Amino acid sequence: MKFFRFLILLALASFLSACNHPDLVKVGENYQKVMNQLGVPDSEITLPDGSIRVVYSKQPMSPHVYALIFSPDGTLIKKEQILYKDFFLRNIKPKVMDQADIDTMFGRPCEKRTFKLSGTHSYMYRYEEDGVPLALWVDFDNKTNKVVDWTVTIDPWSMKGGGGDAKK
């Protein structure tokens with residue numbers, strides 16, 4: 001009986017979350033309409049030209065993170081799923097960026113891990129590229145919170161049947 005209730009709740013949550021998915025937002029819509037539809041973003045920043053960049057992380061259950069760019073007048077001008085290797089190569093800057101920069105860039109991670117012996121901690125973001133389940137790992141120095149490095153591996157959740165041990 002508990003399993004049946006769980007399935008019903010899972011189906012209901014999936015249905016409700018589908019109503020507020022970034023894929024349903026159209027370029028040209030205004031900022032307030034999008035905020036009303038999608039809710040509070042994981043991060044929001046005003047760019048130097050006055051445009052606004054918002055990020056919606058669908059982690060841990062979905063391998064997507066969306067960045068939406070609004071013009072200074074509040075019109076959605078760009079929508080992009082940003083978890084892919086070319087984006088990482090262009091945008092993640094070790095020894096320059098810090099944890100706050102990664103939080104702003106990608107929003108909520110799938111997992112956070114701490115490695116006391118090495119003095120580092122990591123964020124993991126699940127994604128898919130060419131149908132392959134992958135994971136982006138961004139490593140930070142525990143003292144400075146600066147990005148030390150980043151790497152891509154096979155998504156460990158895919159090897160565990162999707163359950164994972166995410167710390168939410």
Side-chain angles (χ1 to χ4, degrees), residues 10 13-14 17-18 20-25 31 34-35 38-70 76-168:
L10 185 62
S14 295
S17 68
N20 67 354
H21 197 282
D23 280 340
L24 300 176
V25 174
Y31 174 87
V34 172
M35 293 301 109
L38 300 181
V40 177
D42 287 283
S43 74
E44 180 173 323
I45 188 168
T46 301
L47 301 173
D49 67 355
S51 59
I52 298 170
R53 180 183 188 270
V54 298
V55 172
Y56 288 94
S57 172
K58 294 301 186 178
Q59 303 283 315
M61 299 316 291
S62 170
H64 300 102
V65 171
Y66 294 85
L68 286 69
I69 309 290
F70 294 88
L76 180 61
I77 56 175
K78 183 177 182 181
K79 175 178 69 170
E80 178 180 26
Q81 197 293 112
I82 60 173
L83 291 179
Y84 59 94
K85 195 167 184 179
D86 286 344
F87 186 88
F88 311 150
L89 287 166
R90 287 191 320 267
N91 292 286
I92 302 175
K93 310 266 189 275
K95 313 230 182 323
V96 174
M97 298 176 85
D98 62 19
Q99 186 173 319
D101 295 324
I102 298 300
D103 287 337
T104 300
M105 184 178 296
F106 294 112
R108 175 182 67 250
C110 175
E111 286 188 33
K112 297 177 183 180
R113 294 189 180 181
T114 300
F115 306 99
K116 291 181 182 176
L117 291 177
S118 67
T120 62
H121 60 283
S122 296
Y123 279 6
M124 193 258 289
Y125 295 88
R126 301 175 63 227
Y127 74 105
E128 291 180 0
E129 200 157 321
D130 298 325
V132 178
L134 299 170
L136 165 66
W137 297 87
V138 183
D139 303 324
F140 306 94
D141 181 274
N142 284 345
K143 292 180 184 168
T144 65
N145 279 330
K146 288 280 190 189
V147 174
V148 175
D149 204 359
W150 64 272
T151 191
V152 171
T153 66
I154 296 295
D155 177 2
W157 284 30
S158 70
M159 294 183 282
K160 297 180 194 178
D165 59 348
K167 297 166 184 75
K168 300 172 196 156

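In this chain, numbering begins with 1 at the start of the sequence shown. These numbers come from a predicted model, not from an experiment.
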Under 4.5 Å between any side-chain heavy atoms of [X] and [Y], yes or no?
X	Y	result
Gln59	Phe106	no
Val65	Val55	yes
Tyr125	Ile102	yes
Gln81	Pro22	no

Going through the checks in order, is the side chain to side chain contact (heavy atoms under 4.5 Å, CB included) test met by Val34 and Phe70?
CA-CA 10 Å; Val34 172; Phe70 294 88; 3.8 Å; yes

Main-chain N/O of [Y] paired with [X] side-chain donor or acceptor, under 3.5 Å:
X	Y	answer
Asp103	Ser43	no
Arg53	Thr104	yes
Asp130	Val132	no

Given Tyr66, which partner from the list Asp23, Val25, Leu38, Ile82 fulfils the side chain to side chain contact (heavy atoms under 4.5 Å, CB included) test?
Asp23

Between Gly39 and Tyr56, which heavy-atom pair has the shortest distance, and what is it?
O-OH, 2.6 Å

Show every donor-acceptor pair shorter than 3.5 Å between a side-chain atom in residues 87-97 and any protein atom, with sequence neighbours excluded, or say none if there are none.
residue, atom, partner, partner atom, Å
Arg90, NH2, Tyr84, OH, 3.4
Asn91, ND2, Phe87, O, 2.9
Lys93, NZ, Arg90, O, 2.5

What pairs of residues pass the salt bridge (Lys or Arg N to Asp or Glu O under 4.0 Å) test when at least one of them lies in residues 148-157, not counting sequence neighbours?
Arg126-Asp155

For residues 77-89, which residue pairs pass the salt bridge (Lys or Arg N to Asp or Glu O under 4.0 Å) check, not counting sequence neighbours?
Lys78-Glu80

State, without any angle test, whether Tyr123 and Gln99 hold a side-chain donor-acceptor pair at a distance under 3.5 Å.
yes

